[in-house]
Amino acid sequence: MPFEAHILTIATFLPLVGSLVIAFLPREAHSRVRYVALAFSILTFIVTLGLILGFDRAQGGFQWVEDYAWIQSPSIHYHLGIDGLSLILVVLTGFLTPLSILVSWTGITERVKEFHILVLALEAGCIGVFVSLDLFLFFVFWEVMLIPMYFLIGIWGHGRKVYAAVKFILYTMVGSALMLVGIIFLYERTGSFDYTQILSALSSGSFELSHNVESLLFWAFFLAFAIKVPLFPLHTWLPDAHTEAPTAGSVMLAGVLLKMGTYGILRFCLPLFPGAAREFATLISWLAVIGIIYGALVSMVQPDLKRLVAYSSVAHLGYVVLGIFAFNFQGAEGAIYQMANHGVSTGALFMMVGMLYDRRHTRLIKDFGGLATTMPVFSAFFMIVTLSSLGLPMLNGFVGEFLIILGSFHARAVYGSLAAVGVILAAVYLLWMYQRVFLGEVTDEKNREIQDCNTRERWMLTVAVAVIIFMGVYPQPFLRQMDATVAQVLTRVNPDAVSAQTEKPPQAARPLRGTESLGSERIGESLGGRASRPLSSYPLAALKSTTGRTPAVPGLSGGQTR
Amino acid sequence: MIPLSHVLVLSLILFTLGAAGFIIRRNVITVFMCIELMLNAVNLAFIAFARHLPNLDGQIFVFFVIVVAAAEAAVGLAIIVALYRNRNSLAIDDVDSMRM
Amino acid sequence: MEILFYIFAVLAVVAGLSVVLQRAPVYSALSLIVVLGSLAVIFLLLGAPFIAMVQVIVYAGAIMVLFVLVIMLLNAGHEGPSHHRAKFARWAGPPLLLAFLAEFAIMIWKHFGLTPTAGSDPLDASPAAIGRLLFRSYVLPFEVTSILILVAVLGAVVLAKRQL
Amino acid sequence: MITVGAADFIRILPEIVLSFFALLVMILEPVTPAGRKVVLGWVAFAGVVLAGVATVGIARYPGAAFSASISNDGFSVYLIGLLLVIAALTLLGSMSYLERDSIDHGEFYALILMATIGGAFMVASTELIMIFIGLEISSISTYILAGYRRGELQSNESSVKYFLLGSFATAFFLYGIAFVYGLTGSTNLDVVRETLANPGAAAAQGPQLLWLALMLMFVGLAFKVSTAPFQIWTPDVYQGAPAPVTAYLSTAPKAAAFAVLVRILIGSFAHAQSAGAVIFWLLWISAVLTMCIGNLAALWQSNVKRLLAYSAIAHAGYVLVGLTAGGAEGATSVLFYLAGYAFMNVGAFILIAQLAGPGERRTDISDFSGLAAERPGIAACLTVFMLSLAGFPATVGFFAKFYVFRSAVHAHLIGLTVIALLNSVVSVYYYLRVVVAMYMAEGKAEASTAALPRAVGLSLALSLIGIFFLGLFPSSLLRDLTSIHLPWF
Amino acid sequence: MEILLLLMLLPPLTGAALNGIFGRRFSQGLVSLIGCGGSGLAMVFALLAALTSHLGPESPAFIHSYYTWIQAGSFRADFAVYYDRLTLIMTVTVTVIAFLIHLYSRGYMEHEGGYYRFFCYLNLFLFMMLVLVTGASYPVMFVGWEGVGLCSYLLIGFYFPKKSAADAGKKAFIVTRIGDAGFSVGVALLFWTFGSVNFAELFPKVGALGLGDQQKTLTAACLLLFLGAVGKSAQLPLYVWLPDAMEGPTPVSALIHAATMVTAGVYMVARSNVLFVHAPGALQTVSAIGCITAFFAATIALCQTDLKRMLAYSTISQLGYMFVGCGTAVFASGIFHLMTHACFKALLFLGAGSVMHAMSGQLDMRYMGGLRHKLPTTFWTFLVATLAISGVPGLAGFFSKDAILAAAYNGPLGAPWLYWLLTLTAGLTAFYMFRGLFMTFCGESRVPHEIEHHVHESSSKMTVPLMVLAVFSILAGWLSIPKALGGSEAFDRYLEPVFGQSQRLLTSSAPIAPHQANEVMLMAMSLVAAGLGILIAYWFYLKSPGIPDQLAASFSGVYRTLVNKYWVDEFYNWLIVRPVAVGSDKILWQRVDTGMIDGAVNGSAEAASDIGRIVRRMQSGSIRSYAAWVLAGAVGWIGYLLLR
């Protein structure tokens, strides 16, 4: 069926179609433009949801692959496909775009047409980045996507918008320039831009990279991604860009664009250059840890709400990188999950800061205070999002952070411990911010007649919060999408972690009495669904093979023997 | 017998003189004449080589160079006239309204 | 034979110097004519009678007249005092020129040493020979020069005609 | 016994067609009524189109002509085609311009055609005499064109500068030829190649003097393509010349000169022993210098024409990177680059000519501020040109760079590639300054917001089509390029 | 069974959700109905579960997994309940007390704003607390652990317009989070060591170890877990948040900061007994910290004039007792005290609340006195609780506290100094509790007049729970009468399946503590101490009230130290808070981030443009210079030829 065959193309270019349609609308028809944009973004979201439904978790490789020759010399292919990793990010993009259109419903009043054209174009670019399997195609999307973002910041931004926009684009391009060299070099060596071909060539050993070359290539790619993430010393573009961007821009920037960095690391740096990845893991993990602490501390003292959230992003993305370079399932899956979390939570935070800005035209914390009395509903939503952002259990943030702490702890105890310290600091700066903005007496008279959420905002936030809670309470559906992908990445970079998983299934909590066998069966089933896959397995053996810290317990294979 | 190098050095000297004139003279026409001087130096080299090889192509080349020089002279002087009309001066140093 | 060459060589150089050193364009022009003349003689000595003639007729005859004409037309007198521009030319020019001369001369000397200009076999540079060559192998350039001249005419007209 | 036959003339058919139409325009000039001079422009355009047809035609008759002074190979056909495209775009773009500033038409179109003829001969001939004459034709006509607004000080100044310095450089070029002739006994590049290629010949050992000759010729050509330090004239001349002329100037003669450079360097001299090192470093150093000077100096420009002049220098640098890489890959990438660059640069200058308004008063970046609000279409168009020049994907600018860099990486010039890429990042900054002015700066646009004349619109549309088509399907052109059998490979 | 437990868990959650989302539109009556209904149902089902669960030595625990929560690689945390006798006791205690306090709050909160918020939070708290005690794995326990932390944050900051309240809430959350961080790291360590964090897999695996295996790792893990407990249960050095937490409404202080949440740490240690006994070092740390905290807090309580703050410090001190109980590996005693303490401390707080209610918010004991006649019920119930906490024989406190004292001396890891210090503390406790009692209810009234005339006994809504709790405070103790008094220590035996194995491990392996004293002796000691305390209090505050001031004057140094709580808050502020805040602002942000890192970025940009400015100088505009440049180029290249 053609629709299914080209679903990825549709998902990628539907937004572009939308912006074309808008381009033909009259300039003054603001509301019409908005509705069309919204319709198309929602349509895209539905398509991406379709991806989930048809996605086969068990299968490791790429799905819905489309592969057509695009350019003969050099042979560049229009090669799309998704796996668990890209699936989640594509859906995230599809989810955030309608929200960011909605959030600027009233905030954007001039050049409405151009604005929505650009937002949709941005979405197209982002999805393209996540679904393209041809290095060249990937790079094309990677670069193209900068332009709409640049305009969004530069035209509809505030303050030093031009400075921020230019800084953003130049900073990113420095990185991508190096990546381009890497891509071309790889092509010259392998004669292909095709990710899957290169990967198989590398993993089958049919094509070797010398140690130095591999390291150089690794850095060529990694720098580009690290800037995007942004990893600790390369982060200074972020606060400016975030602060000056319009709300929608910040949402997309935080929600999607930052993920491209971590996505790239997982997709390219680790599988293609595992040796180098292992070699530099320590250095990078340390940078990530520094980022976590540093981001938290600096964000604590920011006077500007958006800047505060921006620096908090530095910390959160630090977690992601840390998890990735833990090279184990917990770390990797936690990292991917954290990407999604950060997308939703920080996206929501930016939306709400934007709402405040629309009302008061200031983002300075000191201009607020006591809002909880004047806008209770809003402050309740804000509280929940804040909590998810500081990683409270039962909200999405916790799952990711906990798994990352777990994984990184295994990589090196000190990482995990410092990451845990980061969790404390998160509580510090977020709660302090919350207190200064919402608690206490209403100091500024302007805050007295401030309006509480209107219906549109209420619905948006409800959706966001619902997702936050769902992801926190029942993360399984998301996590399970990743297993196969993560397994593949890890087989490249840290085979032990995988082989560790392929052993006898875990001894789930075993009932202690005949009558409760009922319960046990339940567990059995709940396992049975997954026990078939290699992942869920008995960890003790894993530790035997990975770490020396195995309890010297002969013949103890878990489970009670009473 | 005249050593080839002597002829070439002569042409070189003339060429350099032309370049020198271009660089030190401040009247546009003089500068232009210096260019003609350089072209002549080149011609001399051609003739010398033509004699040395021996091979007539060099002389043909000189012939064309002279033609080109004539054409250039016509256009160049026209440009100079236009310049003079605009600025009422032939000082080459005045022609620097665009810089950096 | 050689002596003539050296005489006219010296003459050419001296005249060339005065082209460069004269402050009044007219004198430069006249010295240039001297250079052209002496070069014509040298061409003759180097077995290029036809070119020598062309040199005298076209160059000295036509082009230089044009020059003098323009000089008169624009009554270009002595150069005014140089206001201090062209710094780079003034401080870097002379050394560069010397360097150029030196480098170049060294190379020429290294390569040719004292090999005589006139090779073993003679060179038939009769107008007939040149004509044959010109209208056979070099017919295309010859034709194309017409376009060149056309351009020149056109340009002269466009740039010099008074009213727009 | 050399005879000239029909085949010879067929192989220069495009040039003949062009000359015919040049004459036609000049003849018609006096008889066309004052108001209707634009017709001449269309006549010239028709001529270019016909010449294009002829070019396609002669592609079928490869081979040498006029006793091997013309080589009608894929290389020359491609470049002649390119020159014609540039000429066509320029003609379309200049008609209303001349109309608006009431400059006399006829000679202008004729000169454009003649400059094109000169270029065509440059790229087509393997005979240094022909190359020299072609060079002179195109140079002299462009000297005149540069000073075409002869009332204007700047136009006239640019013409004076271009003319004097051009002739100065030409003298070096000639001197170089003289020594090549003296050392190889011929002025025909093929002969020169054979001489150098055969180890017996004295010149083949690559004596200093031969390289000296090469350097001298390089000075002449480098001047035309404006590589450092011979780029020196470019900004002033481009800024002063009428914008449509600059459009032509910055593309056509440059392309022709590069073609000659390719023929001389890769075609002939590369075959001498020990040529590798000399030519390599010659190009490598020039490339780096040119890119850096062009991009860094451009950061400071506020006049759009001057800005683009510096960008033109930078682009010459990128082309040199391709040349440095050498080999079939390098040559191909250079050819592609020249085409892509032609589209974006001509388009940009034509549009600026339009925006600059009567008398080209409005060429400062600040004049464009707020343009997007008033003329979104035009602003978007200019944005596309800028982004393409900056080398963003989906535009030809990206692929042009990509191919060049790829050939460089292919030749293991990683260092050079990185330098070039960083340069292109720097360039993004100043290209975006124009965009910033149009979209993000407050204020009322000073630039002319008059409606686009049809011809200009057509020329812009063609450039845009070129940019996007080659930007999305470069292989359509590249396939032909790779299939070109360069005679010396 | 799993249904019952689910039914126990869900009502509070539902209640919270209902009140939280729609509460603003509900009437007070409906809100309180939902709230109390939620907790009431929870209690009912908790009791039902307790009755129907046939736990016995042969089947110590019921485990059921509802669904898999997190799974990544070999890590797996099900949302599962682990129901053994310890859980049973906890659920019952928690639900009962919670229910009573819900009832109480109906009256107490009548006139406060945000009625619905209050009950929403309270229900949510109950749910989280139950999750904490029923969770079958550390991650799930952690859910409740952080959840209750959240609720305490929200409830402390209930009067958020008051800055002090907001500050207190934040402080509570952050300080406890320090512990939580340790907790999560400990969990990670356990996971990577034993491959599981589910009790049902972890404990047997550890239990099978011989004493001494894995000791380093286990000690580390246990200490990390204990760090969590220290934060949650307000022990040294992380106790500072609890006194401030009194900013919250009094029922909250009663429920969260006295009866239940703060005891979570104790529960967790007891729950992890299997791990702890394999790390004696950790256990000794526990008892040491507990003991010192108990004494330390008691001394501070001596000079508090704010009734609730005094109670807060006494809570800290009592928690110290419980930790000693666990630390000496007599976990049952710790839990026992936990239970009894829950009753009487809740009672004390509610009493204080009732007083506060009557005094229209006034809580400074110096402006009370003689309230006995105006608030009879409150007085008598308060008296009962005071006697109980002071360890007067026959009341709950007596039995549980003496169990701990005995453990401190005779327990497997007991040590005399623990006992002596605790006994002294018992004396102090008796003293300050009665001091409070006397200053509040006895003597002549010092109440300001504007308040005096409308001092009144609280409504039945509030007094009934008081009385119920009073009854508990009396009876709870009799669950376990020490052997020494011919009792059977039913409670200990009941919990034997939970703790027996670990205790046996220690008693078998560790050499019997050399000092085995007669339990009666020990009891007598503590009685003496308590008696003295009461007498002195009576003497000071009823007989001759002048003495305290004289003492304060003569020992002014000591006095000021105690009044200012040893300046601990100030110390932390000076040591940590200020440096971090200022450092991140002045150094990290302004110097490092803006200055160095961003400076480097912009610096490179400027460098480029500076070069550009120099380069463009060559475009001097002068033709002659340009010619010179061309010549220069030629010379350069030819020179290159010569030099190459």
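Letters A, B, ... are given to chains in the order of the sequence lines, protein chains preceding strands, and every chain is numbered from 1.
Between D:Leu209 and C:Met107 the shortest heavy-atom distance is CD1-CB, 3.9 Å. Taking both residues in full, the closest heavy atoms of D:Ile133 and C:Pro141 are given as CD1-CB, 3.7 Å, listed atom of the first, atom of the second, then distance. Here the shortest heavy-atom pairing between C:Gly155 and D:Ile144 reads CA-CD1, 3.2 Å. The shortest non-hydrogen separation linking D:Met130 to C:Val144 is CE-CG2, 4.0 Å. When all heavy atoms of C:Ser137 and D:Ser67 are compared, the closest pair comes out as O-OG, 3.1 Å.
Heavy-atom distances place no part of C:Phe135 under 4.5 Å from chain D, backbone and side chain included. In this structure, no portion of D:Ser155 lies under 4.5 Å from any heavy atom of chain C. Neither the backbone nor the side chain of D:Phe108 comes within contact range of chain C, judged by heavy atoms closer than 4.5 Å. With a 4.5 angstrom heavy-atom cutoff, D:Glu127 touches chain C only via side-chain atoms. When heavy atoms are compared at a cutoff of 4.5 Å, D:Ile117 approaches chain C solely by way of its side chain, counted from C-beta outward. Proximity to chain C (any heavy atom under 4.5 Å) is shown, for D:Phe132, by neither the backbone nor the side chain. Heavy-atom distances place the side chain of D:Leu216, and not its backbone, under 4.5 Å from chain C. Both the backbone and the side chain of C:Ile108 have a heavy atom closer than 4.5 Å to some heavy atom of chain D. Residue C:Val151 touches chain D through both its backbone and its side chain, counting heavy-atom pairs closer than 4.5 Å.
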Pair C:Leu150-D:Met26, side chain to side chain contact (heavy atoms under 4.5 Å, CB included): steps then yes or no: CA-CA 11 Å; C:Leu150 202 58; D:Met26 288 163 68; 4.2 Å; yes
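Distance check, rounded to the nearest 0.5 Å: CG of C:Leu154 to CD of D:Glu29 gives 9.5 Å. Note that CZ of C:Phe142 and CZ of D:Phe66 are 14.0 Å apart. Values are rounded to the nearest 0.5 Å. Here the CD1-CZ distance, from C:Ile147 to D:Phe121, works out to 5.5 Å after rounding to the nearest 0.5 Å. To the nearest 0.5 angstrom, C:Tyr138 atom OH is 9.0 Å from D:Ser69 atom OG. With values rounded to the nearest 0.5 angstrom, D:Arg11 atom CZ is found 13.5 Å from C:Leu140 atom CG. Of the inter-residue distances, the one linking D:Gln208 atom CD with C:His111 atom NE2 reads 10.0 Å to the nearest 0.5 angstrom.
Most heavy-atom pairs under 4.5 Å with chain C: of the set D:Ile12, D:Ile103, D:Ile137, this distinction falls to D:Ile137.
Annotation: C:Phe104 is in aromatic contact with D:Tyr175 [ring centroid separation under 6.0 Å].
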